[in-house]
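Quick notes on the structure that follows.
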Amino acid sequence: MGLSKLNLLYKETVLDHSQHPRHHGQLPDATAHLELRNPTCGDVIDVQAQIEDDKIVDLSFDGVGCTISQASASMMTVALIGQPVKRARELITDFSKLTIGDEISDQADEELGDAAILGTVAQFPARIKCAALPWHALDELLEKREVEKNH
């Protein structure tokens, strides 16, 4: 795919998820939630998850932020709902690798869906935190849940 077509696809996908976010708002049956802030730009994300039998049954987000953070949160929910917690954490790691310009497997790229296109933020270091914020919030939520479960 040519660079101009890739740029257009990126813009269209990010704008679509930002203007029409999937799984946005409060999750009434949430079993856990975590809020993170990016003090650099003011983005705030509250990730809410319904986890049953070590599987993400439902996921939503709330908060305010730039187009990239809101689109990334929307893409994250689509990619990770229905995933076992262990696989979700692996995909969060893969997403983090993409945002710093590292390669990931074709399978992970496919499972990330629209979120994989955000790997282009590696070219804009100031935007990496925007794209990564919701993913970091969910990872911290899952880590906290794991620690609580084991104690």
Side-chain angles (χ1 to χ4, degrees), residues 10-102 104-105 107-151:
Y10 170 83
K11 287 178 187 175
E12 287 176 356
T13 304
V14 169
L15 283 176
D16 179 49
H17 276 276
S18 175
Q19 294 172 352
H20 309 285
R22 283 59 153 188
H23 311 284
H24 182 263
Q26 297 297 311
L27 183 61
D29 296 325
T31 55
H33 83 93
L34 187 102
E35 181 180 284
L36 275 187
R37 298 172 179 270
N38 181 348
T40 308
C41 66
D43 291 347
V44 178
I45 196 86
D46 180 18
V47 174
Q48 301 153 39
Q50 181 183 358
I51 301 169
E52 296 173 7
D53 298 324
D54 284 329
K55 184 176 183 179
I56 299 174
V57 175
D58 207 353
L59 194 56
S60 71
F61 72 98
D62 208 354
V64 294
C66 69
T67 299
I68 291 176
S69 72
Q70 296 297 291
S72 182
S74 175
M75 293 172 185
M76 176 190 73
T77 64
V78 172
L80 299 183
I81 287 175
Q83 292 285 352
V85 169
K86 182 179 182 204
R87 183 63 184 145
R89 295 199 73 199
E90 292 167 353
L91 289 169
I92 291 168
T93 298
D94 287 329
F95 180 81
S96 294
K97 288 179 182 177
L98 273 180
T99 63
I100 60 170
D102 289 349
I104 62 170
S105 71
Q107 179 185 346
D109 187 80
E110 186 177 318
E111 287 181 73
L112 287 171
D114 285 349
I117 205 164
L118 289 175
T120 59
V121 299
Q123 300 168 27
F124 308 98
R127 303 315 302 255
I128 293 171
K129 287 183 180 178
C130 300
L133 184 66
W135 299 78
H136 285 307
L138 181 59
D139 195 41
E140 282 188 34
L141 178 153
L142 296 173
E143 176 66 24
K144 181 179 173 186
R145 182 183 165 277
E146 189 68 28
V147 167
E148 289 171 356
K149 192 171 98 174
N150 291 327
H151 282 101

**Message:** Distance alone, cut at 3.5 Å: any donor-acceptor contact between the side chains of S96 and W135?
**Reply:** no

**Nearest heavy atoms of L98 and L112, plus distance in Å** = CD1-CD1, 3.8 Å

**Non-hydrogen atoms of V47 and P134 that approach each other most closely** = CG2-O, 3.8 Å

**Request:** May I ask you to test the V85-R145 pair for a side-chain heavy-atom distance under 4.5 Å?
**Result:** yes

**Item:** Heavy-atom check, side chain of D16 versus side chain of D114, under 4.5 Å
**Value:** no

**Prompt:** Going through the checks in order, is the side chain to side chain contact (heavy atoms under 4.5 Å, CB included) test met by K144 and V147?
**Reply:** CA-CA 5 Å; K144 181 179 173 186; V147 167; 5.8 Å; no

**Complete:** So CD of Q70 and CG of D62: to nearest 0.5 Å the spacing works out to 8.5 Å

**Request:** For A126 and C130, work out which heavy atoms get closest and say how close.
**Result:** O-SG, 4.2 Å

**Prompt:** Of all heavy-atom pairs between A73 and I45, which one has the smallest distance, and what is that distance?
**Reply:** CB-CD1, 3.7 Å

**Request:** List the steps, then state whether side chain to side chain contact (heavy atoms under 4.5 Å, CB included) holds for F61 with H24.
**Result:** CA-CA 5 Å; F61 72 98; H24 182 263; 3.2 Å; yes

**Prompt:** For H33, does the NE2 atom sit with more than 12 other heavy atoms under 6.0 Å from it, leaving out its own atoms?
**Reply:** no

**K149/D54 ion pair, N-O < 4.0 Å** = yes

**Atom pair NZ/NE2 of K129 and H136 - distance to nearest 0.5 Å** = 9.0 Å

**Item:** Pair L59-H23, side chain to side chain contact (heavy atoms under 4.5 Å, CB included): steps then yes or no
**Value:** CA-CA 7 Å; L59 194 56; H23 311 284; 5.8 Å; no

**Message:** Applying side chain to side chain contact (heavy atoms under 4.5 Å, CB included) to V14 and V121, what does each step give before you reach the verdict?
**Reply:** CA-CA 12 Å; V14 169; V121 299; over 6 Å; no

**Prompt:** Step by step, would you call E90 with R87 a salt bridge (Lys or Arg N to Asp or Glu O under 4.0 Å)?
**Reply:** CA-CA 5 Å; E90 292 167 353; R87 183 63 184 145; 2.9 Å; yes

